[in-house]
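Scope of the values below: all heavy atoms of this structure, side chains included, with no hydrogens, waters or symmetry mates. Counting starts at 1 for both ligands and their atoms, in listed order.
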Amino acid sequence: VHQGVVKKNAEYTMDSLDHAAFIISQKRFKMINIETTNRCPLQCPQCTRFKLQHEKHLSSYKETKERIQRGFDLSVNDAKKMLEFFDQGVMLCGSLSDPVYWPNFFEFLDLSKNYPNKIIQIHTAASQKNIDWYKKAFEKANNNVIWIFGIDGLEDTSSIYRVGQNTKLMFEAMNLGSQMNQNIHWQYIVFTHNVHQIDTARNYAKKHNIKLEFVKSDRTNNIIEVPREWRPKKNKEIVYDII
Ligand code: SF4
């Protein structure tokens with residue numbers, strides 16, 4: 001009986017491995033989202049990280065703290081393997097970290113020129129040190145890199161949601177990137193506190209040669225609100241308009 005159970009478990013494990021291999025092979029044609037690190041200095045109220053602001057005895061705090069502590073910085077070698085494996089390329093976005101706080105970020109950007117046929121999307125909302133930091137990053141990035149800056153509104157409103165963001169520096173960085181012929185996208189989640197700035201944003205984006213994407217979202221909570229017409233009907237979050 002014992003041998004039978006062992007055999008069955010072995011078959012089951014093989015089936016699981018085959019299944020896992022199948023799933024991975026199907027994903028190969030897609031662009032995957034990679035969490036590169038567990039670091040981010042911002043406190044966006046709808047981010048998982050925000051639970052770190054909860055009372056320390058609550059399970060939401062403990063679970064989030066543990067999840068972040070279990071996280072680690074992706075090695076350049078592993079990131080390189082992913083870039084080689086996935087046909088379309090990779091998206092550095094994550095759900096509780098910002099890729100610009102990945103310690104291996106510059107080293108990874110150096111690789112971009114070796115894979116000109118792969119797209120590398122970098123989603124970032126957390127401002128880095130200073131404009132020299134961004135200049136260095138743009139110098140390293142090949143033209144297959146797409147920068148997507150999460151700035152929800154203008155200088156006086158974005159940090160209402162992106163708590164802790166140096167929005168002024170983010171605008172400077174977007175402008176510099178555009179001047180340095182980088183692919184710069186501005187992703188703007190519409191909230192009640194920034195909906196009046198849409199037209200100004202459109203004009204600004206046109207003037208500085210930046211692609212602007214307005215996002216409909218379902219991020220209303222007790223701190224912030226999305227106007228009814230800017231909530232998606234089906235999907236949780238969609239890019240509504242690109243100019
Ligand atoms: S920038 Fe991204 S990772 Fe950082 S707190 Fe905001 S949503 Fe979370």
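Put simply, the residue from F214, F171, W147 that forms a ring-ring contact (aromatic ring centres under 6.0 Å, His included) with W186 is F171.
Counting heavy atoms from C-beta on, the side chains of M91 and I34 never come closer than 4.5 Å. Taking 4.5 Å as the limit, every side-chain heavy atom of T37 sits out of range of all side-chain heavy atoms of L74. Side-chain contact between I146 and H185: present, with at least one pair of heavy atoms (C-beta onward) separated by less than 4.5 Å.
Residue contacts with ligand 1 for T48 are absent, since no atom lies close enough (heavy atoms, distance under 4.0 Å). Residue contacts with ligand 1 for P41 are absent, since no atom lies close enough (heavy atoms, distance under 4.0 Å).
Counting protein heavy atoms only, atom 8 (Fe) of ligand 1 is closest to C47 SG, 2.3 Å. Of the protein's non-hydrogen atoms, the one nearest atom 6 (Fe) of ligand 1 is C44 SG, 2.3 Å. The nearest protein atom to atom 1 (S) of ligand 1, hydrogens excluded, is given as C40 SG, 3.6 Å; this is a heavy-atom distance.
The heavy atom nearest to atom 2 (Fe) of ligand 1, considering only Q165, R162, E35, is found in R162.
Within the listing of ligand 1, atoms 3 (S) sit less than 4.0 angstrom from a heavy atom of S97. Contact atoms of ligand 1 toward L42: 1 (S), 5 (S) (distance under 4.0 Å to a heavy atom of the residue).
Checked by atom type and distance alone, the side chain of Q128 never pairs as donor or acceptor with a backbone atom of Y134 at under 3.5 Å. Of the possible polar contacts, none joining the E213 side chain to the Q187 backbone as a donor-acceptor pair under 3.5 Å is found.
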